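Just so it is clear, the model here is predicted, and its values are computed rather than measured.
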Amino acid sequence: MTVRINDILDEVSAYIPDADMRIIEKAYVFSARVHQGQTRLSGEPYLNHPLEVAYLIAQMQLDVTAVTAALLHDAIEDSLTKVEDIQAEFGDEVALVVDGLTKISKINFRSEEEQQAENFRKMILAMSKDLRILLIKLTDRVHNMRTLEFHSRNSQQRIARETLDIYAPLANRLGIHWLQVELEELSLKYLDPQGYKTLKTKLDTIEKEKEEDLRNIMGQIQAKLVESGLKAEVKGRIKHIYSVYQKLKRQGIPFEDVYDVLGTRIILNTVAECYETLGIIHSIWKPIQARIKDFIAMPKANMYQSLHTTVFGPGGERIEIQIRTREMDYIANEGIAAHWRYKDGSRISDQDGEKLSWLRQLLEWQKELKDPREFLQSVKIDLYPEDVYVFTPKGDVRRFPVGATPLDFAYSVHTQLGNQCVGAKVNGKIVPLRYKLNSGDVIEILRSAKQHPSKDWMRIAKTSRAKTKIRTWLRTQENEQSIALGREILDKKIKNLHLPKDIDYEELARDFSFKSAENLYAAIGFGRLSVNQVIHKIAPEEQKKVPDEPVKKKKQDISSILVKGVEDLLVRYARCCRPIPGDKVVGFITRGRGITVHRLNCPYVSEVDAQRLVPVEWDVKVAQSHEIEFTVVCEDKPGMLGLITATIGARNINISKMKAHSTATGNSICIFRVMITDLSELDGLFHDIRRLKGVENIERQ
């Protein structure tokens, strides 16, 4: 059904009867005029898109300003309209929201990774001014995902991956459940079409088969509650496709082993009735103790509140039951949108603002972290929390993501406590730094003035705050060490060449575009500037002992990598990502071991000190084979492995290692390690393998 302006007006008037509809109608006319003649990839008029987005905003029951801004959200970006025009026609508030949305989109960057990071940074800054900017951006993404079928396959994959990585977790953190579910399922539909189709068919089948069973279970619950004098609404449900998909992937189990696909939700009037109902349910069916969770006493970070229990129902079948009040049920679906109302013209309350503490934390990261990769890494950590609740010795509750350690707890209290953390007492027993916190733990940090952060701590810490503080300390220390090392290297070279000692190092630093002599020493110590380059600048002509070569090939012509601006360093290839000619690459300087070359999108690169990354490029004159690894998911049938190996052999590509195993889902996973000359050869091989009947997916490691 195509949304029309009257649908939006009817929706708004239902929850704001006295709303001034003229501004919405005016925005519709304005949007229709500026988008006149424009069409989407589907061929439909472009105006349909802002109408759909505005309708979603109205369904979330946001105010007239938000609905108006939704109708105008693409007006500046896709036409000659200026923000001043919006301001003159619709006022400052609407202009602020539309301008915020425009600034998120109107940006050009040097790389896809930087674009994703900076895009998100802009979004964080924009929504700090007005949360409606983010809510409109999310609904904009929902409608774009609904019409993704008209994009190319590559665009579908890219947009779906970004949606799953950023937008769906944002919807989760805002507590908008319906929006999160739709974004996740639409993303899965394009990222793994076969997996999505298979799971949907199985869940639809179960829903039909278990319909009668679910009705009987709900009837038993309702009868028992009535008997106890409780009025409740009991709903039945089947788990969402993406949550089941994630469980299968996470636990490595077949679909048949997912026991709690069925679920019921009990909605009552008061919190006291919720706890009373929990006792009643446990009197009917035996509960699984480990699956009882109280999110009423300790709400999730996204404001979600509910009691959860999983019981052995009729026939021993596991059933997940959620118990909550009507208000909790509303907030569970609408999240922050349930609080973000402007009916009386007032902004969000301080109390509701506390529920957005994670947003303030993201704002803190965007100010502190200048490198886009680091910022995006911190964002992703904060967007995927599964809550663990622990206690301080005084009984205060602190929330952490699953997998958090005593280091995360220590840094949440104070930076110095984190830097000096040697371990912790958990429930009175001493545990190491790697201990993973569990809900209910009482934590007491053990510290020592002699303790300092190490690089290993980056792998132990889970939270963005801890990682940022550790990285800051390590950088400070490494910088100090590099200054001392660089000064020592330069002094020795000057002494060996019998050069004058009255050198103006500050002026020398400026010659190399450094702000100070310390920066010059640090560059030498880090290995980013060769001491020979410095000597070449200051030594008399007759005393120059080094050749004037800006770029030098490494190690007797055995490397196919050229290092820009750095000399005399051994080049190695990272085993974590196994780069080959044609890949976008970057070098990481390791003192004493030369340069390690990584693929630019290697996860390791996002975690290291950006100051120690150097630009490198492939030397097209050097032909060299490189070992890479890839995985093929295919049907588990006779002859399949032989067919793949024959395809590899047909291209005269050597297989250095191979292994295969069957999965519970009826597939086979084959892992190959082969010698490849460059990316074009690998692309050709992948093209041949994908054409084989029975091959479902191929992915480079």
Has the side chain of [X] got a donor or acceptor atom that lies under 3.5 Å from a matching backbone atom of [Y]?
X	Y	value
Asn144	Asp140	yes
Ser155	His151	no
Lys467	Met458	yes

Kindly give the heavy-atom pair with the smallest separation between [X] and [Y], and that separation in Å.
X	Y	value
Leu520	Ala509	CB-CB, 4.0 Å
Lys425	Ile430	CG-CG1, 4.0 Å
Val422	Leu433	C-CD2, 3.8 Å
Leu679	Gly582	CD2-O, 3.5 Å
Tyr411	Pro453	OH-CG, 3.6 Å
Pro393	Glu444	CG-CB, 4.1 Å

Does the side chain of [Y] come within less than 4.5 Å of [X]'s, by heavy atoms?
X	Y	value
Leu164	Leu183	no
Lys137	Ile133	no
Leu600	Val585	no
Asn419	Gln451	no
Ile445	Pro406	yes
Pro615	Val586	no
Val390	Phe409	yes
Thr81	Ile86	yes

>> The criterion is ring-ring contact (aromatic ring centres under 6.0 Å, His included); which residues satisfy it with His414, sequence neighbours excluded?
In response: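 Listed in chain order: nothing, the list is empty.
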>> Phe672: which residues meet the ring-ring contact (aromatic ring centres under 6.0 Å, His included) condition with it, sequence neighbours left out?
In response: Phe630
> Which of parallel (below 30°), tilted (30 to 60°) and perpendicular (above 60°) describes Trp618 and Tyr573?
Replying inline: parallel
>> Using the rule given for side-chain contact (heavy atoms from CB on, under 4.5 Å), can you reason through Val98 versus Ile76, listing the C-alpha separation, both sets of side-chain angles and the distance that settles it, and then say yes or no?
In response: CA-CA 8 Å; Val98 175; Ile76 298 176; 3.8 Å; yes
Once you round to the nearest 0.5 Å, how far does [atom1] of [X] lie from [atom2] of [Y]?
X	Y	atom1	atom2	answer
Leu72	Asp85	CG	CG	11.0 Å
Asn654	Met675	CG	CE	7.5 Å
Tyr167	Met145	OH	CE	11.5 Å
Arg434	Thr405	CZ	OG1	9.5 Å
His598	Cys577	NE2	SG	6.0 Å
Leu191	Gln157	CG	CD	5.5 Å

Under a 3.5 Å cutoff, is there a donor and acceptor pairing between the side chains of [X] and [Y]?
X	Y	result
Ser680	Asp683	no
Ser656	Arg673	no
Arg465	Ser412	no

>> Does Ser187 form a side-chain hydrogen bond (donor to acceptor under 3.5 Å, both in side chains) with Arg161? I'd like the steps, not just the answer.
In response: CA-CA 7 Å; Ser187 297; Arg161 172 51 58 194; over 6 Å; no
>> Is it the case that atom CD in Glu629 sees more than 12 heavy atoms from other parts of the structure closer than 6.0 Å?
In response: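 Correct, the count exceeds 12.
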>> Could you go through Arg471 and Trp473, starting from their C-alpha distance and side-chain angles, then the distance that decides it, and tell me whether this counts as side-chain contact (heavy atoms from CB on, under 4.5 Å)?
In response: CA-CA 6 Å; Arg471 189 183 288 115; Trp473 193 92; over 6 Å; no
> Which pairs pass salt bridge (Lys or Arg N to Asp or Glu O under 4.0 Å) with one or both residues in residues 575-586, sequence neighbours excluded?
Replying inline: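 Non-adjacent pairs meeting salt bridge (Lys or Arg N to Asp or Glu O under 4.0 Å): Arg578-Glu627, Asp583-Arg700.
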